Amino acid sequence: MQEKSILDIISPIMAGPSSSHTAGAVRIGLLIRNIFAQEIKRVKIILYNSYAQTGTGHGTDKGIIAGLLGFSVDSTKIKDIFNSIEATKIKYTFEYQDSFTRHPNAVDFIIEGTSQTMEISAQSVGGGEVQVTKINDIDVNINAKSDTIIITLCDKPGAISQITDIIQKNNINIASLNCNRKTKGQNATCLISVDGVINQAVIEEIKQKTNPAFIRYVKKLFQ
Amino acid sequence: MTIKTFEELKKSCTKNNLKIYEIAQIEESEVFDITVEEFRFKVEKTIQAMKEAIKNGLNSTALTNGKMGGFDCAKQLEYYKHHHSIFNKLFEKIICYALATSEENARMGRIAACPTAGACGIVPSCLISIFEEYDIDKEKQINSLITAGMIGKIIASKVATAGAIGGCQAECGTASAMAASAAAYLFDSDIDTIINAAALSLKNILGLTCDPVRGFVEVPCIKRNPFLAVHALVAFEMAQAGIISIIPADEVVDAMEQTGALMSSALKESSQAGLAKTKTAIIMEKACFTKKYYSEFKD
Ligand code: SF4
C-alpha cells in the first residue's frame with residue numbers, strides 16, 4: 001500500500017463540492033488528455049451509476065470537460081466551463097447509464113482527434129483518487145500517482161529488458177512494472193511507473209530501439 | 001515504519017521530546033523525499049486557500065449547485081450584526097466561517113478538502129477563528145494544521161475517510177477530531193491532552209450516517225459543518241480540563257471502523273434512506289429529476 005501523506009488529508013485544494021465527483025472527474029479528464037496526447041475534436045462521455053445519477057449536481061460533467069481542456073482541480077473556471085471559449089473547441093456529448101458490472105463512479109470515453117480515435121475507461125475511486133482501467137480493449141491500471149510510461153510492444157523477446165536498461169541507464173528508479181498480453185505472440189502492453197521524471201530524449205530512445213505500436217509518457221497528477 | 005496509531009505517536013513524541021508537528025514533518029520529508037521547508041510551504045498554501053474560501057463564502061449569497069443552500073451564512077452574519085452570540089466573538093466566527101466554507105464548496109468554489117470536501121468547513125473555521133482572535137503567528141498556524149493533518153492521517157490509516165465507506169462519522173467526525181487536537185496544540189497543551197481531545201471528539205460522533213438529500217453535498221452537510229466545529233471545541237475544552245476519554249483514542253478509532261462496517265449501505269452516501277428518503281426530500285427529488293437519465297448534445 002502506498003504511504004498516505006498528511007497532504008492527502010488536508011488537501012487537495014479544489015473546486016467543490018465532492019472529491020470523488022468533482023476533483024476526481026477533473027483528474028480523470030486530465031489523465032485522458034495526457035493519454036490521448038492530441039487535440040481532441042470530438043468526445044462521447046458515458047457516465048455510469050452514481051456518476052450518472054448525481055454527477056450533474058456535483059459538476060462531474062463540468063469537471064471532466066475542464067480536465068480534458070487541461071484545467072487543474074482547483075481552477076475557478078470549472079464552475080462555468082460550459083460557457084467558456086475553451087469549451088467551444090471540443091464537441092462533446094454525454095450519455096448516462098446504469099450498470100451493475102461497473103464501478104459506481106465509472107466513465108467511458110470515445111475520443112476522436114485529428115488522426116486517431118481511442119476508447120478509454122476510467123473510474124473515481126474515492127478521495128479524489130482515480131484510475132484509468134482500459135485503453136482500447138487493453139486492461140490497465142493507471143492511478144497517476146507517479147509518472148508512468150504506457151507502451152504497447154510487439155511480442156518480441158528482450159524488448160522489456162531493453163526498456164528497463166534505458167531507464168536505469170538514465171539513473172531513474174522503476175517503481176513498478178506490469179505487463180499483460182492476451183495471448184502469446186500478441187502485442188503486450190506494459191505500464192512502467194518511475195520515481196522521478198523522464199525526459200523526452202529517453203522516450204525517443206525507447207521508441208527507436210523497440211519500435212512500439214503505442215507509447216505515452218503520462219505525468220503524475222499528485223504532488 | 002511510519003506512525004499509524006496514537007500510541008506510537010505518543011511514544012515517539014515523548015521519547016524524542018518533540019511536538020507532533022515536528023515528528024510529522026520529519027516523517028513527511030523522509031517518506032516523500034521533500035525538504036521540511038517544501039512540506040511546510042505546501043501546508044501554508046492550504047491555509048491560504050482556507051482563508052480565501054472563507055472570504056469568498058462570507059461575501060456570496062449565490063445559490064449552491066443543488067439550490068438547497070447558499071443563503072444561510074448571510075443570515076447568520078446579519079443576525080450577528082444586531083445580536084451578540086450568547087458565547088463570544090470566537091463562537092460567532094466559527095459558525096460563520098464554517099457556513100461560509102461549506103456553502104462555497106457547494107457552489108463549486110475553491111476550497112481545501114479536509115479531510116474531504118463535504119467536511120471542508122470544520123478544521124478551517126476552528127483554526128482560523130482562533131488564529132484571528134488569539135493573534136497566532138504564521139509558523140504556529142502552519143504547525144497547527146500539520147498537527148491536525150497528523151491526527152487525520154492516523155485515523156485514516158484505519159478508517160477510509162469516505163462517507164460511502166464509513167458514514168459521516170468518518171468524514172465530519174474525523175475533521176472534528178483533527179480540529180479538536182489542533183486547537184489543543186494552539187493552546188500549548190501536552191501530548192496527552194491533544195490525543196485525548198481527538199478521542200473525546202470522535203467518541204461522541206460515532207454512528208453518524210451519511211444521507212445527503214438528492215445526493216448533493218448540501219443537506220445535511222452544510223449545516224453540519226458549524227455543528228461539528230463547535231463539537232470539536234467542546235472536546236478541546238473538556239480535554240484541557242483534564243477530562244479523560246475512558247476508551248483510549250486508538251480503540252475509539254477501532255470502534256469507528258466497526259460501526260462504519262456495520263452501518264447499512266443505505267445510510268452511506270447512497271441517498272437511499274434517512275434524510276434522503278424523507279417526504280420532503282422525495283418531493284424535491286421528483287421536482288428536479290423528472291428525467292433521470294437523459295442525453296444532451298452540445299455542438
Ligand atoms: S453527510 Fe455524507 S456527503 Fe454530507 S458531509 Fe457527511 S459524509 Fe459528506
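Worth saying up front: this structure is predicted, and the values here are computed from it rather than measured.
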- Message: Is it the case that atom NZ in A:Lys219 sees more than 12 heavy atoms from other parts of the structure closer than 6.0 Å?
- Response: yes
- Message: Could you check whether any side-chain heavy atom of A:Ile9 comes within less than 4.5 Å of a side-chain heavy atom of B:Met178, counting everything from C-beta outward?
- Response: yes
- Item | Nearest-0.5 Å distance, OG of residue A:Ser5 to CZ of residue B:Phe39 | 6.0 Å
- Rounded to the nearest 0.5 Å, how far does NZ of A:Lys4 lie from NZ of B:Lys4? 10.5 Å
- B:Phe32 atom CZ, over 12 foreign heavy atoms within 6.0 Å: yes
- Message: Within a 6.0 Å radius of atom NZ on B:Lys277, are there more than 12 heavy atoms belonging to other residues, nucleotides or ligands?
- Response: yes
- Rounded to the nearest 0.5 Å, how far apart are CE of B:Met50 and OG of A:Ser11? 8.5 Å
- Message: Rounded to the nearest 0.5 Å, what separates atom CD1 in B:Ile146 from atom CD1 in A:Ile10?
- Response: 7.5 Å
- Item | Minimum-distance pair of heavy atoms, taken over all atoms of B:Asn65 and A:Gly57 | ND2-O, 2.8 Å
- Smallest separation among heavy atoms of B:Arg110 and A:Asp74, with atom names: NH2-OD2, 3.0 Å
- With side chains defined as the heavy atoms from C-beta onward, is the minimum distance between A:His58 and B:Met108 less than 4.5 Å? no
- Any side-chain heavy-atom pair from B:Val43 and A:Leu7 closer than 4.5 angstrom? yes
- Message: Is any side-chain heavy atom of A:Asp8 closer than 4.5 Å to one of B:Lys153?
- Response: no
- Item | Residue selection (most heavy-atom pairs with chain B, distance under 4.5 Å) from A:Ala87, A:Gly16, A:Ser75 | A:Gly16
- Task: Answer yes or no: are there more than 12 heavy-atom neighbours, outside A:Asn199 itself, under 6.0 Å from its atom CG?
- Result: yes
- Between B:Ile165 and chain A, which part of the residue has a heavy atom less than 4.5 Å away: side chain, backbone, both or neither? neither
- Answer with side chain, backbone, both or neither: which region of B:Val31 has an atom nearer than 4.5 Å to a non-hydrogen atom of chain A? side chain
- Sub-4.5 Å side-chain heavy-atom contact between A:Ile13 and B:Ile111: no
